[in-house]
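Quick notes on the structure that follows.
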Amino acid sequence: MALMLLASLSLYGQDTKETADNKEVLHSSMVGVGSSNILDTYLSPYNYTGTDIRIQRETMRMTKLWGGRVSNQSFIDINGAINSNHAGNLNEYAGGIRYSQGWFYNFCNGNIVNPVERSSSRWNFAAGAVASGYLGAVYINRSGNNPAQAKADIMIDASAMVTYDMRIAGHHCLWRYQMSVPLLGIAFSPNYGQGYYEAFSLGHYDHNVVFAYIGNMPSMRHRLTVDIPIKRYTLRVGYVAQFNQSTFNHLKYHSYSHDFMIGFNKYLYRR
């Protein structure tokens with residue numbers, strides 16, 4: 001009877017742990033500021049540099065897929081930049097929003113959502129695919145037929161993340177690094193010398209929906225954060241670097257940004 005009782009308690013504990021692991025949800029909100037460098041040859045042949053402001057909202061949870069080893073990440077990234085040219089006589093305003101949904105396979109029985117409490121290893125690694133969509137614009141305050149440029153794409157990205165549980169004076173400081181690389185999708189781009197009046201008012205389509213892949217859109221997004229427990233709260237401090245580039249219809253574009261981020265985390269249990 002004693003052995004049966006111990007076995008029952010053991011099975012109950014395993015079921016409870018699996019349920020807790022699958023129902024735990026991480027919410028993170030961060031704001032940040034940094035530098036911006038944008039080149040858009042549709043608008044100007046010169047670089048514009050200035051200040052970038054960024055807001056990020058992340059939700060992560062473990063799922064029951066593949067025996068409970070797949071995690072889901074929902075991510076919203078909003079940024080706005082105020083730049084100027086080298087002479088300082090023209091200003092550029094840029095911004096946009098990217099929404100993504102990613103699925104990551106957790107290796108070595110890890111738990112990338114809450115590795116401090118749910119994993120026996122200090123190191124945890126996960127990799128997978130991300131579907132993302134972006135909508136934004138770039139505007140230069142100068143006279144002309146085309147002072148603005150719209151940005152839009154739908155991409156499939158390859159992404160990976162790694163966490164490390166650093167223990168300092170009995171406290172768990174969780175480092176998390178994630179890198180994403182767009183692989184393929186579709187994007188909007190005017191053609192060289194084509195005006196928006198021609199494209200939208202006159203309906204003159206000129207290869208404005210283009211196939212995007214790593215060859216004509218070599219981009220990378222990096223995110224490094226550390227979670228610092230402070231009593232009942234968890235402070236998240238991080239660094240975000242994004243290198244977005246494209247060459248569509250003989251038009252070159254890049255947007256490089258570096259942002260220092262700060263925010264908070266919280267864990268919830270969904271029913």
Side-chain angles (χ1 to χ4, degrees), residues 21-22 24-30 32 34 54-79 96-115 118-119 121 123-136 151-165 174-187 211-227 236-246 254-259 261 263 265:
D21 288 353
N22 287 331
E24 198 167 35
V25 181
L26 167 66
H27 293 286
S28 172
S29 299
M30 304 185 74
R54 190 171 300 274
I55 301 174
Q56 293 184 338
R57 172 69 173 175
E58 177 188 23
T59 300
M60 291 186 65
R61 63 184 180 90
M62 297 298 295
T63 70
K64 296 183 179 180
L65 299 175
W66 222 318
R69 297 181 67 172
V70 175
S71 56
N72 170 256
Q73 181 190 51
S74 175
F75 203 89
I76 299 175
D77 182 274
I78 304 172
N79 86 297
I97 177 172
R98 181 174 294 277
Y99 175 75
S100 62
Q101 283 281 346
W103 291 265
F104 296 82
Y105 182 81
N106 292 247
F107 294 89
C108 302
N109 295 319
N111 185 313
I112 207 74
V113 176
N114 188 4
R118 305 299 177 187
S119 179
S121 174
W123 289 96
N124 287 270
F125 177 73
V130 177
S132 69
Y134 179 80
L135 184 63
K151 299 293 179 182
D153 64 62
I154 299 175
M155 301 295 296
I156 299 296
D157 308 339
S159 185
M161 64 177 73
V162 60
T163 63
Y164 176 67
D165 180 14
L174 182 67
W175 290 85
R176 185 188 302 268
Y177 169 71
Q178 181 176 358
M179 179 182 69
S180 298
V181 177
L183 296 181
L184 55 89
I186 58 174
F211 173 67
Y213 65 105
I214 196 170
N216 60 9
M217 192 176 175
S219 304
M220 298 182 72
R221 294 187 290 273
H222 303 269
R223 188 169 184 250
L224 176 65
T225 61
V226 56
D227 298 341
R236 173 169 282 190
V237 180
Y239 163 73
V240 173
Q242 297 200 8
F243 307 98
N244 301 309
Q245 304 177 119
S246 66
H254 77 231
S255 175
Y256 306 146
S257 62
H258 303 267
D259 295 280
M261 309 290 293
N265 292 351

Those residues that, when tested against [X], pass side chain to side chain donor-acceptor pair (under 3.5 Å) (two or more places apart):
X      : value
Thr225 : none
Tyr164 : none
Ser255 : none
Gln245 : Tyr256

Contact between [X] and [Y] at the side-chain level, heavy atoms closer than 4.5 Å - yes or no?
X      : Y      : value
Arg118 : Val113 : no
Met30  : Val240 : no
Leu135 : Tyr99  : no
Asp77  : Tyr134 : no

Heavy-atom pair with the smallest gap, counting every atom of [X] and [Y]:
X      : Y      : value
Arg61  : Val25  : CB-CG2, 4.1 Å
Phe243 : Ala241 : CE1-CB, 3.9 Å
Phe107 : Ala127 : CE1-N, 3.9 Å
Met261 : Arg54  : CE-O, 3.9 Å
Pro182 : Arg221 : CG-NH1, 3.9 Å
Arg69  : Cys108 : NH2-N, 3.3 Å

Can you tell me how far [atom2] of [Y] sits from [atom1] of [X], rounded to the nearest 0.5 angstrom?
X      : Y      : atom1 : atom2 : answer
Asp259 : Ile55  : CG    : CD1   : 11.0 Å
Met217 : Leu184 : CE    : CG    : 11.0 Å
Ser28  : Asp227 : OG    : CG    : 7.0 Å
Arg176 : Met60  : CZ    : CE    : 5.0 Å

Report task. Apply the test side chain to side chain contact (heavy atoms under 4.5 Å, CB included) to residues Leu26 and Asn265: give CA-CA distance (whole Å), side-chain angles for both, the deciding distance (0.1 Å), then the verdict. Result -> CA-CA 7 Å; Leu26 167 66; Asn265 292 351; 4.0 Å; yes
Heavy-atom donor-acceptor pair, [X] side chain to [Y] backbone, under 3.5 Å:
X      : Y      : value
Thr63  : Val70  : yes
Asn79  : Ile97  : no
Asn114 : Asn111 : no

The single option from Ser100, Ser159, Ser132 that satisfies side chain to side chain contact (heavy atoms under 4.5 Å, CB included) with Ser180 is Ser159
> Given Met62 and Glu24, is the side chain to side chain contact (heavy atoms under 4.5 Å, CB included) satisfied, shown in steps?
Replying inline: CA-CA 7 Å; Met62 297 298 295; Glu24 198 167 35; over 6 Å; no
Residue pairs passing the salt bridge (Lys or Arg N to Asp or Glu O under 4.0 Å) test with at least one member in residues 98-115, sequence neighbours excluded, are Arg98-Asp153
The ring-ring contact (aromatic ring centres under 6.0 Å, His included) partners of Tyr177 (sequence neighbours excluded) come to none
Salt bridge (charged side-chain N to carboxylate O under 4.0 Å, His left out) for Glu58 and Arg223? Distances and angles first, verdict last. CA-CA 12 Å; Glu58 177 188 23; Arg223 188 169 184 250; 3.1 Å; yes
Margin query: Does Ile154 have more than 12 heavy atoms from other residues, nucleotides or ligands lying within 6.0 Å of its CD1?
Written below: no
